[in-house]
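Both ligands and their constituent atoms are indexed starting at 1 by order of listing. In this text the structure is predicted, and so the values were computed from the model without any measurement.
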Amino acid sequence: MTEGQALIHIRKLCKSYVLAGQKVEVLKGLDLSVHAGQMVAVLGASGVGKSTLLHITGALDRPTSGQLLVAGRDLFKMDEPALAAFRNEHIGFVFQFHHLLPEFSALENVMMPALIARTPKAKAQEAAEDLLEAVGMGHRRQHRLAELSGGEQQRVAIARALVRQPRVLLADEPTGNLDERTGRLVFDLLQGLNDQRGLTTLVATHNERLAAVMDRRIRLADGLAHPVD
Ligand SMILES: Nc1ncnc2c1ncn2[C@@H]1O[C@H](COP(=O)(O)OP(=O)(O)OP(=O)(O)O)[C@@H](O)[C@H]1O
């Protein structure tokens, strides 16, 4: 795939849930193409479906109907083991509440996904140390997570999401529980990593000011993605 071509193609994506016997249609035929290397802000009111869109794009959840191509692969035609393997290899996730392990060091937390994937320990450690440097946490790598601030923990979470060198990074409200200044630092970090590491990144956020620094913005409304600007 050449640079500039769409890496993520979403076509006519529908997702509905049944809540208390009532069908709730969240995504209603959403189309979206994201080019390799782009960093896209996903804006929209609370409950509009931003997390739903990110979860489906990362193959954590299946749509009710519609198509998702990532790097030319038709994801929802895959069976569960193939989908899980694709997700583990190509997709990194960062969440508002990061799910790091508080009693383990920053380095151990970042190494973990690589070790689970059976990367040799020395190689996993090298990759984790490199990423902790890249997110400005190299000097704190031996510190336990519980000893780090919220912004520092989120940096470690970003390093962990990238340790297996995914092509796509999906960040769901990564600055939701950080103050404005720390949130800005995390956004700048994500933008830098996106550019330096050839990532393609989607960030769901409520913060319009932070979204303004990104390559492109879309707004979810009525189950569809609308361009902003
Ligand atoms: N697993 C689920 N089961 C039932 N309904 C769900 C489920 N996940 C999400 N929903 C519903 O889908 C709608 C969209 O939720 P989603 O979390 O995607 O919105 P969001 O835009 O990310 O919201 P927020 O900005 O508040 O995080 C909501 O009405 C929610 O209640």
Side-chain angles (χ1 to χ4, degrees), residues 8-34 38-70 75-76 78 80 83-84 87-88 91-100 150-151 153-154 157-158 160-161 166 168-180 182-184 186-187 189-191 194 199-229:
I8 302 171
H9 268 297
I10 296 173
R11 290 286 168 263
K12 296 191 184 343
L13 198 70
C14 296
K15 180 72 180 178
S16 46
Y17 297 103
V18 177
L19 283 177
Q22 258 204 321
K23 187 171 163 190
V24 182
E25 286 184 83
V26 180
L27 305 178
K28 303 178 189 171
L30 180 146
D31 290 324
L32 179 65
S33 290
V34 181
Q38 267 188 338
M39 184 162 178
V40 181
V42 180
L43 293 158
S46 185
V48 83
K50 301 181 297 295
S51 299
T52 300
L53 175 63
L54 259 58
H55 287 177
I56 293 175
T57 306
L60 284 174
D61 196 4
R62 285 182 184 261
T64 310
S65 63
Q67 190 182 39
L68 168 65
L69 299 174
V70 178
L75 261 55
F76 298 119
M78 295 181 186
E80 284 306 323
L83 197 59
R87 180 172 60 232
N88 290 336
I91 316 273
F93 293 95
V94 179
F95 299 101
Q96 177 177 353
F97 301 104
H98 46 63
H99 313 297
L100 297 167
Q153 291 187 16
Q154 199 56 298
I158 292 167
R160 184 183 59 171
V168 174
L169 181 65
L170 301 172
D172 194 357
E173 295 282 353
T175 61
N177 61 346
L178 304 177
D179 63 44
E180 181 77 17
T182 312
R184 177 64 195 247
V186 168
F187 257 63
L189 175 65
L190 285 170
Q191 181 86 67
N194 186 76
L199 294 166
T200 302
T201 305
L202 292 186
V203 184
T205 182
H206 284 282
N207 194 318
E208 307 261 348
R209 275 191 305 282
L210 292 182
V213 304
M214 295 173 49
D215 297 332
R216 183 179 161 202
R217 284 154 294 286
I218 59 162
R219 189 179 308 282
L220 295 199
D222 305 321
L224 301 173
H226 305 272
V228 178
D229 289 337

For this session: Classify the side-chain pair Glu173/His206 by whether it contains a donor and acceptor separated by less than 3.5 Å.
Result: yes
Exercise. Would you call Met214 and Thr201 a side-chain contact if the rule is heavy atoms closer than 4.5 Å?
Worked result: no
Exercise. Rounded to the nearest 0.5 Å, what separation is found between the NE2 atom of His226 and the CG atom of Leu30?
Worked result: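 Rounded to the nearest 0.5 Å, the NE2-CG separation comes out at 8.5 Å.
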Exercise. Looking only at atom types and distance, does a side-chain atom of Asn194 sit under 3.5 Å from a main-chain N or O of Leu190, one as donor and one as acceptor?
Worked result: no
Exercise. Is the CZ atom of Arg184 crowded by more than 12 outside heavy atoms at less than 6.0 Å?
Worked result: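 Count not over threshold, so no.
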Problem set entry | More than 12 heavy atoms from other groups under 6.0 Å of CG on Asp61 | yes
For this session: Please list, by chain and number, the protein residues whose heavy atoms come under 4.0 Å of ligand 1.
Result: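 Protein residues near ligand 1 are Tyr17, Leu19, Val26, Ala45, Ser46, Gly47, Val48, Gly49, Lys50, Ser51, Thr52, His206.
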